[in-house]
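Data first, discussion second: the structure below is written as structure tokens.
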Amino acid sequence: MMPAHPAGPDERVTTVTGTTSSPAGVFELASGHEQVVYCQDDATGLKAIIAIYSTALGPALGGTRFYPYATEQDALEDVLNLSKGMAYKAALAGLDLGGGKAVILGDPTKNKTEALLRAYGRFVQSLGGRYYTACDVGTFSVDMDQIARECRYVTGRTVAHGGAGDSSVLTAFGVFQGMRAAAEATWGAPTLHGRTVGVAGVGKVGHHLVRHLVEDGAEVVVTDVAPAAVARVQAEHPQVPSVVDVDALVATDLDVYAPCALGGALDDDVVATLSARIVCGAANNQLAHEGIEKQLQDRGILYAPDYMVNAGGLIQVADELRGFSFERAKQRAEKIFDTTQQVFALAQEDGVPPAVAADRLAERRMAEVGRLRGIWVS
Ligand SMILES: NC(=O)c1ccc[n+]([C@@H]2O[C@H](COP(=O)([O-])OP(=O)(O)OC[C@H]3O[C@@H](n4cnc5c(N)ncnc54)[C@H](O)[C@@H]3O)[C@@H](O)[C@H]2O)c1
């Protein structure tokens with residue numbers, strides 16, 4: 001199973017332990033990864049780690065997370081887990097991309113400077129295109145523009161600099177496609193019409209998702225810790241009620257639950273409480289620990305794997321590599337519907353939860369298409 005445990009701000013922390021009392025070294029922790037690069041520039045204070053899990057399908061693409069990790073070990077574990085996740089996400093999305101990720105250790109509100117970002121850009125450039133970067137927690141399109149002054153291998157830039165703009169638009173669209181496929185598998189028709197959908201977190205992705213759902217005729221209930229986020233949704237859709245917090249939403253009578261806030265949304269208590277028949281949302285790393293996917297299955301809840309349905313943002317930034325076309329990227333994101341159908345079918349065939357089937361399909365594509373690289377061409 002794909003790990004659900006980076007130590008980043010929106011994910012759970014799970015310590016990777018060695019087999020002896022001595023701490024595990026980088027080679028042991030990074031087992032399965034192709035390359036881990038440590039980058040340091042004392043003058044700017046840059047400390048970064050770039051992890052490349054796989055380039056079997058193409059250059060590794062993944063965002064740069066700028067985060068004040070408590071320890072260097074936390075940063076390493078986060079970047080290793082996240083880079084693996086990107087490889088699976090790109091493979092399942094049908095992209096010719098591998099998986100990588102980078103972390104910059106520090107507080108972005110205090111340590112982020114033009115010089116630091118440009119120093120980082122030079123290290124990314126030094127990898128010669130094996131790794132392409134993008135935005136993540138703590139980095140924004142304007143930061144990518146700075147990095148791009150030193151480096152050709154950057155996506156997620158501002159529209160003014162040839163970038164694709166806000167990736168949450170297609171992320172939400174992709175989640176909606178996955179949800180339609182889950183509705184078809186559950187109720188026989190690919191629509192949320194007349195269903196009650198609870199959206200936890202109505203930020204960048206969640207509020208776009210609410211619009212798709214309302215347009216499809218669903219009854220939507222939302223919650224968010226930020227009153228302004230709820231107010232924005234209700235200004236657009238006055239009929240959408242809100243509840244006080246995620247616990248209240250989970251306890252509501254729902255047909256579909258859409259976690260669109262933080263990782264670890266699906267823990268033992270949530271799974272035991274949910275009345276929803278489907279879980280499908282944008283949040284990364286929703287499964288709080290290994291085994292939750294089985295608990296969901298045992299309760300008859302169809303889980304649409306997070307990294308499958310939230311790949312629209314990756315699809316959007318990946319399209320920049322060919323000169324961005326929103327329509328082309330949208331067509332590709334629409335295919336998340338078909339991929340979700342395939343994953344549910346494989347899950348049934350193999351008698352495994354959809355999360356396991358998604359991993360299998362991604363691994364199969366990495367092996368099958370990756371093998372072609374062994375055919376020599378001049
Ligand atoms: N933006 C993308 O393109 C993209 C792509 C893939 C995955 N994701 C994932 O989707 C999720 C949402 O991303 P986003 O870009 O919309 O982020 P965001 O920060 O814009 O929105 C998250 C929202 O969740 C709310 N929130 C935080 N904690 C909460 C809590 N405990 N209870 C209720 N609400 C809470 C926040 O107030 C915010 O409004 C994240 O997990 C992100 O990693 C986003």
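In this text, all values refer to a predicted model and were calculated from it rather than measured experimentally. As the structure lists them, so they are numbered: ligands from 1, and atoms in each ligand from 1.
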Below 3.5 angstrom, do we get any N/O pair linking [X] and ligand 1?
X      : value
Asn284 : yes
Val205 : yes
Asn310 : no
Ala229 : no
Gly263 : no
Thr223 : no

For ligand 1, which atoms have a heavy atom of [X] less than 4.0 angstrom away?
X      : result
Val246 : 32 (N), 33 (C)
Ser167 : 2 (C), 3 (O)
Thr171 : 2 (C), 3 (O), 4 (C), 5 (C), 6 (C)
Ala226 : 37 (O)
Leu262 : 28 (N)
Gly203 : 16 (O), 20 (O), 21 (O), 23 (C), 39 (O)
Ser168 : 1 (N), 3 (O)

Task: For Asn310 against Thr171, the heavy-atom pair lying closest together - done: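 Result for this residue pair: O-CG2, 3.9 Å.
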
Checking [Y] against [X]: is there a side-chain donor and acceptor pair closer than 3.5 Å?
X      : Y      : answer
Arg130 : Gln35  : yes
Tyr88  : Asp359 : no
Asp216 : His193 : no
Arg149 : Gln146 : yes
Thr44  : Asp41  : yes
His207 : Arg232 : yes
Thr64  : Thr133 : yes

- [ ] State if Cys260 counts as touching ligand 1 under the rule of any non-hydrogen atom under 4.0 Å.
- [x] yes

Heavy-atom nearest neighbour of [atom] within options [options]:
atom                    : options                       : value
atom 17 (O) of ligand 1 : Lys204, His208, Lys89, Gln316 : Lys204
atom 40 (C) of ligand 1 : Cys135, Ala282, Ala261        : Ala261
atom 26 (N) of ligand 1 : Val137, Val169, Val225        : Val225

- [ ] Measure Asp224 to ligand 1 on non-hydrogen atoms and call it side chain, backbone, both or neither using the 4.0 Å cut-off.
- [x]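 Looking at Asp224 and ligand 1, atoms from backbone and side chain both fall under 4.0 Å.
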
- [ ] Would you mind checking if Arg157 and Glu320 are paired as a salt bridge, meaning a charged N to carboxylate O distance below 4.0 Å?
- [x]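 Yes, charged N to carboxylate O under 4.0 Å.
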
- [ ] Look at Arg360 together with Asp350 and state whether they make a salt bridge at an N to O cut-off of under 4.0 Å.
- [x]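 Salt bridge flag = yes for Asp350 with Arg360.
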
TODO: Measure the acute angle between the ring planes of His212 and Phe176, then classify it against the limits of 30° and 60° as parallel, tilted or perpendicular.
DONE: parallel

